[in-house]
Amino acid sequence: MSQFWKPGSEKPRLLDDEEGGVLFYSASASSSSGFGYSNIEKQRQRLPVYKYRTAILYLVETHATTIIVGETGSGKTTQIPQYLKEAGWADGGRVIACTQPRRLAVQAVASRVAEEMGVKLGEEVGYTIRFEDLSKTGVTMVKFLTDGVLLREMMDDPLLTKYSVIMVDEAHERSLSTDILLGLLKKIQRRRPELRLIISSATIEAKSMSTFFQTRKRRGLEGEESGPRTDPAILSVEGRGFNVQIHHIEEPVPDYLQAAVSTVLSIHEQEPMGDILVFLTGENDIDAAVQLLNEEAQNNGKHSSGLVVLPLYSGLSRADQDLVFSPTPRGKRKVVISTNIAETSLTLEGIVYVVDSGFSKQRFYNPISDIENLVVAPISKASARQRAGRAGRVRPGKCYRLYTEEYFVNEMSAHAIPEMQRSNLVSCVIQLKALGIDNILGFDWPASPSPEAMIRALEVLYSLGVLDDDAKLTSPLGFQVAEIPLDPMISKTILSSNQLGCSEEIITIAAILSVQSIWVSARGAQRELDEAKMRFAAAEGDHVTYLSVYKGFIQSGKSSQWCYKNFINYHAMKKVIEIREQLRRIAQRLGIVLKSCERDMEVVRKAVTAGFFANACCLEAHSQGGMYKTIRSAQEVYIHPSSVLFRVNPKWIIYNSLVSTDRQYMRNVISIDPSWLMEAAPHFYRQQRNPIAS
DNA sequence: GAGCACTGC
């Protein structure tokens, strides 16, 4: 290990020290052929990041913030934490943290690193994700965690004092929690000059990250410089993917679905073997494409026999998702038709051809109407590159873009809009408030959300009684709501259930509303699913229906057979049990008495009203087709066809969430008595034009 | 008559 740079020794050779304090290190490869090294050690040294080891350690030692730009396959995620540990950053009981946006990545990376270090996972190398903490205080030196978990840790330890280095990986994805974390870490740095940050990103967004972390130089006593340089260093590490040949379409296509299908067929006819990955936007598109390809296979056997066509999206059951990972039978070609899930969350091996529609479904938030919309929108250049890269994992590949090169160059934006600027900010604002950040409007974000969105979030929290007139967290309600890892409206519902004596029921409902859907995706068995649903249906609405499902599941002994018979998603129910258990623990800690209301569903509906009064709607008296209007803003909305109240249309209802397609659909609705609204939120409904009287 | 993807004490 002596060839590696250690803190305090002479600095390594740096080729370029550009203005603005940006350092580029151009490494000359110096990997000693490792006679006597174990296999793992040799593998580690073959990773592209290895030859930057010395440079990385030097930059981290001398700069408060280091930005590492590295493509996939560079090895940065698994290696850098180990380099830091080898250089002594975990000495003296300190911990090196590495965050990921996704739990699966946390687990995978942690177990790989534990293996490379030859230690048992959960000891020197550990990880923490929601529901699972495989780390030991005083023992774990390298800890992987989701950025959301690190944010939660800040509630107990705002300066994150146990960490010596925090590496924020996949920062280019700009997820909500990554951005909040980056903003807070910048603040922490001012109080903890000895803390080191590594921001790791796949793209050259490095420059804007660098500007964000640029701070004024701190001066010690008598003008002496103290501590590390405050200007961020940038280092770029090459990846190790194979070359992917990009083909753009010559003329814009009128129908990307049709174009995707014919592109798949011509690849199959003309190109050598290798699996195909097609990016479309959603379940509908994907099922249609699968069907078209299968029809083609029947009608026109000679061209498309030998194709195994598989859909991939998150709504599929686990078993159906796993099909895409099964090896392709000999002489067959696998075609996976996928949503964005295959862009970052899942990695398919063996893909040689990618067909990119150029679109994905994206969330947009309108703070004026307070509605989040899901719309099909063009992807960014960064996203297009990421999709193309999926073709070059095993050998050189090809990517067929269903849009013109001119369009790519001139029309596509470089990066997607950060989630922060496309989301409802209630959870985000309450988290910052809980961390003692009072001036939300003045907070230094990597990408500032619109003032309208922040003001709307403050208004919602104020109406919930979570913030007071000075926009400070109320006590105890505000602090309790902040403790619960759910949307503040559902947290408020849980807290209200305490007085109403139905906390057991509400916690169950909260857990079920946290998973995507407890029903299996219909996929051709729509009638059977609807019939199964009707067996549980309650006149009060979906929330109460869920209580019967949960009861049935428990009575069956949590049986997967029972789930199968009733069109219930077994994996979703297991997740419900997990979330419910967590909520129970938190509720108990907050002093909520766990109590069941037995058959009295009126208190359950009242509790929901206490949290979701802002989502109250009234059926339009003379409308055809079940049109409702929201009381708050007279927005036109409809009950979603998946609801048990679809076509039942009670006069007064409250919805849990809206999904917007051609119409605004209310998902998960419950009937209420309008007089409860004034009880639950007199301040909210006092000034409104009073339709309740009519 | 219909559902992008993640995540959290």
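Chain letters run A, B, ... following the sequence lines, proteins first and then strands; every chain starts at 1.
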[N], OP1 or OP2 - any side-chain N/O from [X] closer than 4.0 Å?
X	N	value
A:R663	B:dG1	no
A:S177	B:dT7	no
A:N284	B:dA2	no
A:S175	B:dT7	no

Answer yes or no: is there an ion pair linking [X] with [Y], defined by an N-O contact shorter than 4.0 Å?
X	Y	value
A:R580	A:E504	yes
A:E419	A:R363	yes
A:R667	A:D542	no
A:E636	A:K629	no

Grab the [atom1]-[atom2] distance between [X] and [N] for me, whole Å please.
X	N	atom1	atom2	value
A:L435	B:dG8	CG	C1'	13 Å
A:L280	B:dG3	CG	C1'	16 Å
A:E153	B:dC9	CD	P	8 Å
A:D285	B:dA5	CG	P	12 Å
A:I592	B:dC9	CD1	P	17 Å
A:N373	B:dG3	CG	C1'	14 Å
A:I579	B:dG8	CD1	P	10 Å
A:K575	B:dG8	NZ	C1'	12 Å

- Could you pick out which residue, A:R363 or A:D530, lies toward the 5' side of DNA chain B when each is mapped onto its nearest nucleotide?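 Result of the comparison: A:D530.
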- Of A:N340 and A:Q431, whose closest DNA chain B nucleotide lies nearer the 5' terminus?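 Mapping each residue to its closest nucleotide by heavy atoms, the 5'-most match is A:N340.
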Checking contacts here: which listed nucleotide ([options]) is nearest the side-chain heavy atoms of [X]?
X	options	value
A:R585	B:dG1, B:dG8, B:dC9	B:dC9
A:Y665	B:dG1, B:dC9, B:dA5	B:dG1
A:R152	B:dA2, B:dC9, B:dT7	B:dC9
A:Y313	B:dA5, B:dG1, B:dG8	B:dA5
A:I341	B:dG8, B:dA5, B:dC9	B:dA5
A:P485	B:dG3, B:dC6, B:dC9	B:dC9
A:S642	B:dT7, B:dC9, B:dA2	B:dA2
A:R647	B:dG8, B:dG1, B:dA5	B:dG1
A:Q516	B:dA5, B:dG8, B:dG1	B:dA5
A:E283	B:dG1, B:dC9, B:dG3	B:dG3

Sugar-phosphate only, base, or nothing, as touched by [X] at under 4.0 Å among non-hydrogen atoms:
X	value
A:E419	base
A:V149	sugar-phosphate
A:Q362	nothing
A:S360	nothing
A:R130	base

- Query: Can you check whether A:G465's main-chain N or O pairs, donor with acceptor, with A:T474's side chain at less than 3.5 Å?
  - Reply: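 Yes, the answer is positive, given that a donor and an acceptor are paired below the 3.5 Å cut-off.
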- Query: What do you reckon, are the aromatic ring centroids of A:Y256 and A:F359 less than 6.0 Å apart?
  - Reply: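 Here the rings of A:F359 and A:Y256 have centres that are less than 6.0 Å from each other.
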- Task: Mind telling me whether A:H640 and A:Y665 have parallel, tilted or perpendicular rings, with 30° and 60° as the class edges?
- Result: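 Because their plane-to-plane angle is over 60°, the rings of A:Y665 and A:H640 count as perpendicular.
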